Amino acid sequence: MSASCDHLETGTELGCQRCGERICPRCMVGTPVGFRCAACAAVRRPPMYELALGHYARAIAAALPLGALLGVAGALLLEPTPRGGIVLLVLAFLGGAAAGRVVAAAIDLATGGKRGKAMQLVAIAALVAAGIVRLVVSGEPDLVTRDVSGLVAVAAGILIAWDRLR
């Protein structure tokens with residue numbers, strides 16, 4: 001077995017296609033040119049998921065002000081209310097989905113296409129901030145848990161942004 005294989009009890013006749021070391025079925029890595037040991041396969045995360053501190057800073061700098069701007073726009077376009085009809089909920093869903101797409105695109109542009117949980121969490125923070133700013137600007141912060149259309153919009157935005165940044 002290769003030095004990187006910890007399964008000495010597993011018998012195998014498999015060998016790395018590059019270096020020839022024996023590898024067990026649990027440690028082998030399938031590649032387009034055959035099975036390789038972990039060292040030869042150079043297993044690493046795709047570059048889009050490798051984040052530096054600057055990526056976090058750029059994502060936050062792009063997303064949070066945009067979230068505040070979306071919150072102001074939401075207050076002007078969709079007044080907070082504890083009740084509303086199906087048309088209001090559909091409009092809230094569509095507006096929230098558009099907001100989620102815009103926030104995800106801004107993060108994507110600011111970070112050069114970075115993805116992953118950290119970027120998803122930044123998008124969620126921006127969209128929640130948009131919902132809070134919407135209530136504060138409209139003068140109805142006490143409706144935070146009763147504003148159904150706002151909750152639908154934020155939820156739709158989070159779902160879209162989460163999917164686009166995974």
Side-chain angles (χ1 to χ4, degrees), residues 26-36 38-166:
R26 289 190 273 178
C27 294
M28 68 183 180
V29 177
T31 68
V33 293
F35 294 111
R36 292 190 174 180
C40 289
V43 178
R44 70 180 188 100
R45 297 182 78 183
M48 70 175 77
Y49 296 104
E50 293 177 356
L51 302 170
L53 188 58
H55 295 116
Y56 295 105
R58 287 193 299 271
I60 291 168
L64 289 182
L66 180 59
L69 184 62
L70 288 169
V72 171
L76 298 174
L77 297 174
L78 191 62
E79 204 172 296
T81 179
R83 56 182 122 51
I86 190 74
V87 173
L88 183 62
L89 293 178
V90 169
L91 289 174
F93 180 83
L94 294 174
R101 189 174 176 100
V102 167
V103 168
I107 291 172
D108 190 45
L109 187 63
T111 62
K114 297 300 181 179
R115 304 262 188 278
K117 293 266 191 265
M119 297 298 106
Q120 290 170 322
L121 293 174
V122 170
I124 288 172
L127 292 163
V128 168
I132 293 169
V133 166
R134 176 177 166 268
L135 291 173
V136 169
V137 167
S138 66
E140 301 286 346
D142 58 321
L143 288 178
V144 71
T145 59
R146 297 180 298 139
D147 177 27
V148 178
S149 60
L151 293 173
V152 166
V154 170
I158 288 172
L159 289 173
I160 297 298
W162 186 272
D163 183 60
R164 294 185 59 81
L165 293 172
R166 67 182 158 120

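All figures in this text were calculated on a predicted structure; none of them were measured in a lab.
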Identify the two heavy atoms, one from Gly30 and one from Phe35, that lie closest to each other, and give their separation to 0.1 Å.
CA-CD2, 3.7 Å
Mark yes or no for whether Lys114, through its side chain, and Pro47, through its backbone, hold a donor-acceptor pair below 3.5 Å.
yes
Are any non-hydrogen side-chain atoms of Thr81 and Arg146 less than 4.5 angstrom apart?
no
Please find the pair of heavy atoms, one from Ala161 and one from Leu127, that lie closest to each other, and give the distance.
CB-CD1, 4.0 Å
Got a sec, which residues hit side-chain hydrogen bond (donor to acceptor under 3.5 Å, both in side chains) with Ser149, two or more places apart in sequence or on another chain?
Asp147
Nearest heavy-atom contact between Val154 and Gly131 is CG2-CA, 3.9 Å
Verdict with reasoning, Val90 to Val152, per side chain to side chain contact (heavy atoms under 4.5 Å, CB included)
CA-CA 9 Å; Val90 169; Val152 166; over 6 Å; no
Check: Ile158 and Val128 side chains under 4.5 Å, non-hydrogen atoms:
yes
What residues, two or more places apart in sequence or in another chain, satisfy side-chain hydrogen bond (donor to acceptor under 3.5 Å, both in side chains) together with Arg115?
Asp108
Distance check, rounded to the nearest 0.5 Å: Ile60 atom CD1 versus Leu121 atom CG?
10.5 Å
Is it the case that over 12 heavy atoms from other parts of the model lie below 6.0 angstrom from the CD atom of Glu140?
yes
Please report the shortest heavy-atom distance between Ala110 and Ala62, naming the atom on each side.
CB-CB, 3.7 Å
When rounded to the nearest 0.5 Å, the distance separating CD1 of Ile124 from CE of Met119 is 12.0 Å
Any idea which heavy atoms bring Val29 and Ala38 closest together, and the distance?
CG2-CA, 4.2 Å
Considering all heavy atoms, the nearest Ala59-Thr111 contact
CB-CG2, 3.8 Å
For Asp163, give me all partners under side-chain hydrogen bond (donor to acceptor under 3.5 Å, both in side chains), at least two apart in sequence or on another chain.
Arg166
Strictly by side chain to side chain donor-acceptor pair (under 3.5 Å), give each pair with a member in residues 57-69 just once, sequence neighbours left out.
His55-Arg58
Once you round to the nearest 0.5 Å, how far does CD1 of Ile160 lie from CG of Leu165?
11.0 Å
Using the salt bridge (Lys or Arg N to Asp or Glu O under 4.0 Å) criterion, which residues pair with Glu50? Sequence neighbours excluded.
Arg44
So, do Lys117 and Trp162 sit near enough that their side-chain heavy atoms are less than 4.5 Å apart?
yes
Between CG on residue Leu66 and CD1 on residue Ile107, distance to nearest 0.5 Å:
8.5 Å
For residues 95-105, which side-chain N or O atoms pair as donor and acceptor with protein atoms under 3.5 Å away, sequence neighbours left out?
none

Can you tell me how far the CG atom of Asp142 sits from the CG atom of Leu135, to the nearest 0.5 Å?
8.5 Å
